[in-house]
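Before any comments, here is the structure.
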Amino acid sequence: MTAELEHYDYDVLIVGAGGAGLRAAIAAREAGLRTAIICKSLFGKAHTVMAEGGIAASMGNVNSNDSWQVHFRDTMRGGKFLNSWRMAELHAKEAPERVWELETYGALFDRTPDGRISQRNFGGHEYPRLAHVGDRTGLELIRTMQQKIVSLQQDDERESGDPESRLKVFAEVTITDLLQDAGGAIAGAFGYWRESGRFVRFNAPAVVLATGGIGKSFKVTSNSWEYTGDGHALALRAGSTLVNMEFIQFHPTGMVWPPSVKGILVTESVRGDGGVLKNSEGRRFMFDYVPDVFRGQYAQTEEEGDRWYTDPDNNKRPPELLPRDEVARAINSEVKAGRGSPHGGVFLDIASRRTPEEILKKLPSMHHQFKELADVDITKEPMEVGPTCHYVMGGVEVDPDTAAAARVPGLFAAGEVSGGMHGSNRLGGNSLSDLLVFGARAGRGAAAYVQSLGGERPSVDQAVIDAAAATALAPFEEDGGENPYTLHQEMQQAMNDLVGIIRTAEEIERALAKLEELKARAHHLTVEGHRQFNPGWHLALDLRNMLAVSECVARAALLRQESRGGHTRDDYPTMDPHWRGRNLICSLDGDAVSVVEQPMPAMREDLLALFDGAELAKYLTPAELAAMPGPAAPATAPTATSTAAPTDGSGA
Amino acid sequence: MSYDARFRVWRGDADGGELVEYTVEVNEGEVVLDIIHRLQATRSGDLAVRWNCKAGKCGSCSAEINGRPSLLCMTRMSTFSETETITVTPLRAFPVIRDLVTDVSFNYAKARQIPAFAPPDLAPGEYRMQQVDVERSQEFRKCIECFLCQDTCHVVRDHEDNKEAFAGPRFLIRAAELDMHPLDARDDRADFAREEQGIGMCNITKCCTEVCPEHIKITDNAIIPMKERVAGRRYDPLVWLGTKIGLRKD
């Protein structure tokens, strides 16, 4: 079976062709290494194209007070201080040059009046910071790097006559296993062509995982079919570790109806421009969900809330504009209490609040989206919305500087598949910049590793390859097994209901029992047809990845007994400083996931000095505060602020 | 609100195939891709179709619905009557791989023939452009590469042998985009469109514009201006004279 196996030799293999993968490929190729890019889809279709808002980078084009220090501070606040501070630092420092570099590849961002890259405001960012192209920034980023890769291939063609001599894209190939030598070092990867079902083996001493997220483990998600946690699971099976897997960002307003658009985002601007949330009784329920810490900052009556839109100086904002996690939790509670909309969400109503003319003027793209995708006229009828799984903060535990994955020589990870950068919650706009900064670092890190081997190549036993092939073919071997689509739906339902936006120990334990049952059933899948472009087979293989990753999410969620960012425990509803300094590290032994606590490294002194003591006191334990050097140490110090980053904005 | 719809879906591979009839449940608000997914999940687990974002942003699920090149995810079932039989077939201009999946490598080959953006002699961060100037190229950069324009264009749809010489609408707008880029350092984009991309073969029937899901005015804003630039330079004696005596550097 394996004698005639198609195989290729490369220096660096990039698994994933979204923003992080393409940027890593450019970096590895520019370092002079032979590089292959593996796309699960066609080249240029990656989920990155869905990103709308922009790329966060403190270029200071719109407000010159911006700086990497302010961006760093915003990022740490957004992540509730659980971020890898070193990653947040590198990210904030390097994002501007990564954005400017895109212009040299041909990107065309929207401009300021003086001709520079325009930057827009976004939640959690103190200054206008997001470089953008209308609401299709992700598409611009992918297309720009796709075209840069083509231009590098044209260079190679001029030089060697072969455009693919140093950089080749393998489209519609899925990697099912990483290949390692006896000592665990990366030797390559094994996979199949989706088109033909033929197996293919890549020999390469360095693999960069850039496979994105895990949203397809949840029933309602804004993520595409590719988001099956492949890279997370590949890393686990290779012996590496995942960090922060309990933190998943649920956006409060995804579409829930009609089914064709379930999970697709409804922008926060609908609420900012007057839209309100109502339950099945017609009640604006958000007034019932203002937590004590926000009580003074939000309106207590509908009348006051409504006045805020035109007179924000003398009125408080309506509670529909509470932070995302608060709104998502409230919607969840209403649905659980039986006051949801017919299709399991709540109503987002702007039709009764604004004239059709106003809606069309302020929300043209939302109007277009609902009209084209759902045949719903938002000037006439309310939308049904509910929380949607949007992003996983957790991922492969990496070295911040080189993106090297923990414990496996030759393995690297960048983008959503890596963990640490965003802590417990990611700010909008920080994803695209993450892709660029750590994509480039992973490509360079992989290149440096390969060069350090001095020509030595880890090799792999034939038995390992035979085993990978046998695993991939198993769904064809069994008659009378289960339909993979059925298992997938049961898993999505369990994750959505039991490890979703609000969690309790009892529910998570039920989810874990369900996952155990599904794991056993997944050994007996049957797919019909043959290996040529067979989506049933593809799903059967993706399922084992989703099951492993879902178990990591559930086990880490059970262990972390506090609520922070994208992890809310009904039985531990507050943030606990004693949990801040601890990461939860998932690893795989056989097919069993284990989770252990790991202390986080203390933040460097100059970075700590960017925050005042009163703020730090909200996050750090008394012991951590007492151990801090310098003037920021006392929790009572009210005036210590960054000198490098003047703060004249509101910070809201 | 549900009803049973009659579908005919082409099933087969490079060696041939046939339209297979299905009667399948349709619920309110669904799009054609939902129905294809229902067939996969309940009837034919191996029914091959490409898709990714399901929101009209990635351009993967291109096929022909009742003969019209369309995105499966953007075609609502409510646009058909309940008694209508809906026929879904693969893109006709490209070789079939399996069922609704075609080999679109032609497009990637054409993409590689266009000279890349030529950066100006400016340091990163020093690029200055006016919004009004970038907008012309931005229109073409909205392209999601669904290749519906390539599929519908008569030059290649009905004449396989034209594929060698003709790049197709998608790559003519790429040429126009680079030509209109305020800082692209090359000045031969229009010549390239004539000599290497076969822009002269386009007879401006605007079929490409009609099927574009991004509503890019492919013909009016890209192809016609490029044709005029070619014509102007090739045949306009005043332009020719101006170039010769150094009055005009174009």
Side-chain angles (χ1 to χ4, degrees), chain A residues 41-45 47 49-50 59 96-97 100-101 103-106 108-111 113-116 118 133-134 136 139-140 143 147-148 150-151 153-154 163 171 195 224-226 257-261 264 369 372-376 483-485 489 527-530 532-537, chain B residues 13 27-31 33-34 40-42 44-60 73-74 76 78 97-99 101 103-105 108 111-112 114-117 119 122-131 133-134 137-138 141-145 178 181 183-184:
Chain A
S41 301
L42 292 174
F43 188 32
K45 304 300 184 194
H47 196 56
V49 303
M50 297 291 285
M59 296 180 285
E97 48 187 296
W100 285 321
E101 188 173 67
E103 289 199 303
T104 71
Y105 301 169
L108 282 172
F109 292 103
D110 289 347
R111 317 307 296 182
D114 66 352
R116 294 188 290 175
S118 179
V133 186
R136 56 164 190 86
L139 177 67
E140 182 72 9
R143 201 65 82 229
Q147 288 163 351
K148 174 63 178 179
V150 166
S151 91
Q153 290 177 325
Q154 291 171 343
E195 176 182 327
S224 80
W225 69 268
E226 296 183 286
W257 178 256
S260 59
V261 292
I264 292 179
Q369 174 178 317
E372 292 255 335
L373 287 172
D375 203 15
V376 165
N483 180 347
Y485 293 96
Q489 282 162 13
V527 298
E528 60 178 289
H530 50 79
Q532 195 185 15
F533 215 109
N534 185 336
W537 180 42
Chain B
D13 55 28
N27 302 306
E28 186 187 359
E30 289 185 329
V31 294
L33 184 58
D34 290 310
Q40 277 185 339
T42 61
S44 302
D46 60 343
L47 170 58
V49 61
R50 278 198 188 100
W51 69 287
N52 272 33
C53 74
K54 210 168 173 295
K57 290 182 177 170
C58 75
S60 300
C73 75
M74 297 295 278
R76 296 194 308 272
S78 61
I97 293 172
R98 184 167 179 210
D99 302 339
V101 176
D103 176 358
V104 293
S105 57
Y108 292 93
R112 201 142 74 193
I114 303 176
F117 171 69
L122 288 169
E126 297 302 316
Y127 287 35
R128 297 290 180 271
M129 295 175 265
Q130 289 304 306
Q131 181 64 29
D133 295 326
V134 301
S137 293
Q138 280 181 335
R141 289 183 74 82
K142 289 193 317 195
C143 171
I144 59 174
E145 298 204 328
L178 289 164
H181 190 301
L183 293 177
D184 178 55

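In what follows, chains are A, B, ... by sequence order, proteins preceding strands, each numbered from 1. This one's a predicted model, so the numbers in the text were calculated from it and none came from an experiment.
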Among [options], which has the most heavy-atom pairs under 4.5 Å with chain B?
{"options": "A/F533, A/Y105, A/W100", "result": "A/F533"}
{"options": "A/S118, A/P163, A/G44, A/P484", "result": "A/P163"}
{"options": "A/R143, A/M59, A/M50", "result": "A/R143"}

Between atom [atom1] of [X] and atom [atom2] of [Y], what is the distance when rounded to the nearest 0.5 Å?
{"X": "B/I97", "Y": "A/Q532", "atom1": "CD1", "atom2": "CD", "result": "8.0 Å"}
{"X": "A/D110", "Y": "B/M129", "atom1": "CG", "atom2": "CE", "result": "11.0 Å"}
{"X": "B/R141", "Y": "A/L108", "atom1": "CZ", "atom2": "CG", "result": "5.5 Å"}

Quick one: what part of [X] sits under 4.5 Å from any heavy atom of chain B, side chain, backbone, both or neither?
{"X": "A/S41", "value": "side chain"}
{"X": "A/E226", "value": "side chain"}
{"X": "A/R116", "value": "both"}
{"X": "A/P113", "value": "backbone"}
{"X": "A/Q153", "value": "side chain"}
{"X": "A/L139", "value": "side chain"}
{"X": "A/I264", "value": "side chain"}

Can you tell which of [options] has the highest number of heavy-atom pairs within less than 4.5 Å of chain A?
{"options": "B/K57, B/R98, B/K142", "value": "B/R98"}
{"options": "B/P119, B/S105, B/C58", "value": "B/C58"}
{"options": "B/P115, B/C73, B/S137, B/A123", "value": "B/P115"}
{"options": "B/R50, B/M74, B/Q130, B/E126", "value": "B/R50"}
{"options": "B/I144, B/D133, B/L33", "value": "B/I144"}

With sequence neighbours excluded, what pairs up with B/Q40 under the side-chain contact (heavy atoms from CB on, under 4.5 Å) test?
A/Y485, A/P535, B/H37, B/L47, B/V49

Donor-acceptor pair, side chain of [X] and main chain of [Y], under 3.5 angstrom:
{"X": "B/Q138", "Y": "A/V133", "answer": "no"}
{"X": "A/N483", "Y": "B/A41", "answer": "yes"}
{"X": "A/Q154", "Y": "B/A116", "answer": "yes"}
{"X": "B/K54", "Y": "A/S224", "answer": "no"}
{"X": "A/K45", "Y": "B/E145", "answer": "yes"}
{"X": "B/R76", "Y": "A/E372", "answer": "yes"}

Checking B/Y127 against A/T104 for the side chain to side chain contact (heavy atoms under 4.5 Å, CB included) test, could you report, in this order, the C-alpha distance in whole Å, the side-chain angles of both residues, the deciding distance, and whether it holds?
CA-CA 9 Å; B/Y127 287 35; A/T104 71; 3.5 Å; yes

Nearest non-hydrogen partners of B/R112 and A/V150, listed with the distance:
CA-CG1, 3.8 Å

For B/N52, which atoms come within 4.5 Å of any heavy atom of chain A: side chain, backbone, both, or neither?
both

Between B/V31 and chain A, which part of the residue has a heavy atom less than 4.5 Å away: side chain, backbone, both or neither?
both

Partner set under side chain to side chain donor-acceptor pair (under 3.5 Å) for B/D13, not counting sequence neighbours:
none

